[in-house]
Amino acid sequence: MKKATKLCVIPFFIFSVSLLIGLLIINNYHNLRENEQRHLISDIVAAQAATIERHLSRTLSATYFLKSLLEINPEEMTHFDNYAANIIESLGGITNLQLAPNGIISNIYPLKGHEKALGHNLLVDDKHKEDAKLALSSKQLTLSGPFELIQGGMAIVGRNPVFLKGEDNAEQFWGFASVVIYLNDLLTTTGLDQLKDKGYYYQLSFNDNYSKSNYDLSESHRNTEPLSSMIKQAIKVPNGEWLLSMKPVVQTGQQVAITIQVLLALSISALMAYFSYVLLKQPLILKRLVIKKTEELNKLAFYDPLTDLCNRRLFNDLLKRMVTRIQRDGNQFALLYLDIDEFKRINDTLGHEAGDELLKIVGLRLSNALRKSDTVARLGGDEFCIILPDINTSTNAARVAEKIKEAIRPPVKLGEHEVRITISIGITLAPGDGLDATELLKNADLAMYSAKEKNRDCYQFFSPALNADMLEQIVLEQDLRQALERNEFTLHFQPQICLFTGEISGIEALVRWHHPDKGLLYPGGFIQQAEDSGLILPLGAWVLKQACRQLDQLNRPELTLSVNLSTRQLADPNLLQTIQFALTDSGIEPHRLELEITETALMEKMEQAIEILNKIKMLGVTIAIDDFGTGYSSLSQLKNLPVDILKIDREFIQDITTRADNAVITDVIISVGHKLGLTVVAEGIETKEQAAYLTAMGCDMAQGYFFNRPMDMAALQNLLKIQSEETAPSTSVVDG
């Protein structure tokens, strides 16, 4: 009886336990799958929302271009079609641009297909007047829609109210500058409409901050499950926010699979119970099953799912054990920290799938190149770590590093592309460099970054010098102080060329440092330290004084002198006295001195900058904005700045002959500058084609390596002498 009871109880117990374990495994599996899917959807939602936000920001910026042009000169809108065509070509994604003086649509580009909208009064129409009045009252760009246009089609419209100053300097409402974007075009351009085909629910809704209302813009399905279970991402838009919600479509096959898995668990449990009843050996089988599943869970917890290498958690544990081991046995080991060079560029260019494939290949090559006793781990991103036990000398560690470099070097096929990769390796040795796992990782990381600074594709051993960066900065600051006392600085000058005559009409002063140990240093090696330490103030005063003196020594009254002012100099309360002293000391006329302030410095504290620039202008000094074009917001504020010269940022000049957007932006800057009576200077010209292109655009002056590199005073004097002796050409320098 007892035996029969035992035979019944044990199989029943085994059946219950195995079924529970099976259900837990199924549950864990689907939880992991669901979490991975939620992470994936979160990434998709974030990427999709960012794409929509960038697209809207780019297309809506067209209204600011139109608004800026109207504020500068309302009559310029006689050329509306030309400006609109350039803007649409540069930005893309725009259905049409409109102007509505006094709320009545009078200009549309392109007009074809939209003729019915002409003459439409936005402030009267029931469908549009609330949105139009909101833009008018808030004086801000508003986004409305979607709604059906008079000319047909569902669209969203960005309306930017334009206010012009009248004769009494009071703002008067001029009308609206609008951009129209078909909703279908927006969904197609941003790829949102493709999500349904990929098996996702999505809903795009709009929360209006002013009307406190919420309504749907677009959705992939109707009568779906509650939105509360969806992943959501806010998208900032004018006068409110859009909300993008997503979740995967629950496939019928998934429910069937779960049912099959549960039935399979029941079947397995029944079979296990049956065989245990017959053979009384089921406990051993169950034990093996539990061990197997535990190993699978451990693999998920301690191994990288992409490369199957150790993850950071397991690696840290193994590193601590290795430290304990060498403390006990007296051995040594090496720790290598690896990073793939230019991985971000490859990942961004070829896509994340290609990046993941590259990480798998690198992990496999590392594993094949090392001993079985070595430990390879992926810490995250493109960072790998290796523990090399029983490495007694740095020479042995270096040999392994060379072996790793050779293993990584062969080309990698990623889809249709073949790429060559290199790695930077940092090496630290224990116990010589430390006996703390965290400290050793830090040492290897520092050494790896040092290898990156040495042109990459190399390895670098940790040394105490790598921890001495702060000391190096302190020494550099001390050297800067001594350099001022010892008069180790000198000035070089880069000529500025008049594009219409080809003659040198100005020079820009550039500081150089004759370091007693390091030789001639350029500003990139010390200016930031001077700015951070405050030494830029005495250094800037020295540059200003010496530049003015050397300009006077040239005895060329037609030449002007440009000197850069840093952000900290602009905030210096003694700046006016410094400028006045330099002018008085040298005896040059104030109008020959041009002070250059970067656009970034102006935008940081606009009101304070305008105040100090007005005071500088009262001295008779010329003001130039350097690196202009890096912020579109300055276009509309340009007329309020007391400046005389615009220097276009070299970023736009580099690709001006190959990129249409750079050419359009440069053309707009030159046009706006000339309409405001400003001289426009282009920086960084390196080719004849760039010079010719800018000349055709009407740019006034230029400087760059195509004309002259920066030179010392003797070379400048010789250049000016040669120019004086030569016969002046009859055409521009870029035409010859």
Side-chain angles (χ1 to χ4, degrees), residues 298 301-304 307 309-341 343-344 359 362-363 366-367 369-405 408 422-477:
N298 285 338
F302 296 109
Y303 289 87
D304 175 48
T307 61
L309 299 175
C310 300
N311 63 13
R312 182 184 292 272
R313 179 180 177 184
L314 178 57
F315 182 79
N316 286 336
D317 183 59
L318 294 175
L319 181 58
K320 291 176 182 177
R321 293 184 186 183
M322 182 60 67
V323 171
T324 303
R325 173 185 162 188
I326 66 167
Q327 287 176 313
R328 182 184 67 245
D329 300 340
N331 295 329
Q332 300 183 53
F333 75 91
L335 176 64
L336 278 60
Y337 206 115
L338 292 73
D339 185 273
I340 302 174
D341 299 329
F343 176 76
K344 185 178 185 303
L359 291 173
V362 170
L366 290 175
S367 299
L370 299 172
R371 304 169 298 179
K372 291 184 178 180
S373 59
D374 300 331
T375 300
V376 186
R378 178 186 173 222
L379 301 189
D382 62 323
E383 295 180 342
F384 296 83
C385 256
I386 300 174
I387 298 175
L388 302 176
D390 303 321
I391 294 292
N392 297 320
T393 65
S394 59
T395 302
N396 291 338
R399 288 173 181 167
V400 176
E402 288 289 352
K403 185 178 179 181
I404 291 172
K405 286 174 55 184
I408 295 296
T422 59
I423 57 172
S424 298
I425 307 174
I427 307 174
T428 188
L429 301 174
D433 293 336
L435 278 173
D436 178 79
T438 302
E439 181 184 2
L440 289 170
L441 273 174
K442 175 185 174 184
N443 293 346
D445 192 20
L446 282 172
M448 184 270 292
Y449 276 105
S450 176
K452 278 192 174 294
E453 292 176 356
K454 293 184 177 181
N455 297 324
R456 308 178 180 182
D457 190 23
C458 64
Y459 60 85
Q460 176 71 33
F461 282 91
F462 170 78
S463 68
L466 296 177
N467 265 338
D469 287 342
M470 185 60 69
L471 177 62
E472 182 179 349
Q473 296 299 320
I474 294 174
V475 171
L476 178 60
E477 183 176 334

Just verifying a value: how many Å separate [X] [atom1] and [Y] [atom2], rounded to the nearest 0.5 Å?
X: Ile427; Y: Ser463; atom1: CD1; atom2: OG; value: 12.5 Å
X: Met322; Y: Thr375; atom1: CE; atom2: OG1; value: 6.0 Å
X: Ile425; Y: Leu336; atom1: CD1; atom2: CG; value: 6.0 Å
X: Arg456; Y: Met448; atom1: CZ; atom2: CE; value: 10.5 Å

Is there a donor-acceptor pair closer than 3.5 Å between any side-chain N or O of [X] and the backbone N or O of [Y]?
X: Asn443; Y: Asp433; result: yes
X: Ser367; Y: Gly363; result: yes
X: Arg378; Y: Gly381; result: yes
X: Lys452; Y: Ser424; result: no

Where do [X] and [Y] come nearest, in terms of heavy atoms and distance?
X: Leu441; Y: Cys385; value: CD2-SG, 3.8 Å
X: Phe302; Y: Arg313; value: CE2-NE, 3.6 Å
X: Asp457; Y: Lys405; value: O-NZ, 3.4 Å
X: Gln460; Y: Ser450; value: CG-OG, 3.5 Å
X: Gly434; Y: Leu440; value: O-CD2, 3.6 Å
X: Ala444; Y: Thr428; value: CB-CG2, 3.9 Å

Given Ile423, Ile408, Asp382, the one that forms side chain to side chain contact (heavy atoms under 4.5 Å, CB included) with Leu338: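 Of the listed residues Ile423, Ile408, Asp382, the side chain to side chain contact (heavy atoms under 4.5 Å, CB included) partner of Leu338 is Ile423.
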Stepwise side chain to side chain contact (heavy atoms under 4.5 Å, CB included) check, Asn316 with Thr438: CA-CA 9 Å; Asn316 286 336; Thr438 302; over 6 Å; no
Phe343, CZ atom: more than 12 neighbouring heavy atoms under 6.0 Å: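 Yes, CZ of Phe343 has more than 12 neighbouring heavy atoms, counting only those of other groups under 6.0 Å.
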Any pair counted as side-chain hydrogen bond (donor to acceptor under 3.5 Å, both in side chains), so long as it reaches residues 318-327, sequence neighbours left out: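 Found Asp317-Arg321.
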Extract all donor-acceptor atom pairs below 3.5 Å that involve side chains of residues 386-400 and protein atoms in other chains or at least two apart in sequence.
unit_1, atom_1, unit_2, atom_2, d
Thr393, OG1, Asn396, N, 3.2
Thr393, OG1, Asn396, ND2, 3.3

Heavy-atom side-chain proximity of Phe333 to Leu319 below 4.5 angstrom: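 The answer is yes; the side chains approach within 4.5 Å.
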Pair Asp436-Val323, side chain to side chain contact (heavy atoms under 4.5 Å, CB included): steps then yes or no: CA-CA 7 Å; Asp436 178 79; Val323 171; over 6 Å; no
Full working for side chain to side chain contact (heavy atoms under 4.5 Å, CB included) between Tyr459 and Glu402: CA-CA 8 Å; Tyr459 60 85; Glu402 288 289 352; 3.2 Å; yes
Residues Phe384, Leu309; criterion side chain to side chain contact (heavy atoms under 4.5 Å, CB included); working and verdict: CA-CA 9 Å; Phe384 296 83; Leu309 299 175; 3.9 Å; yes
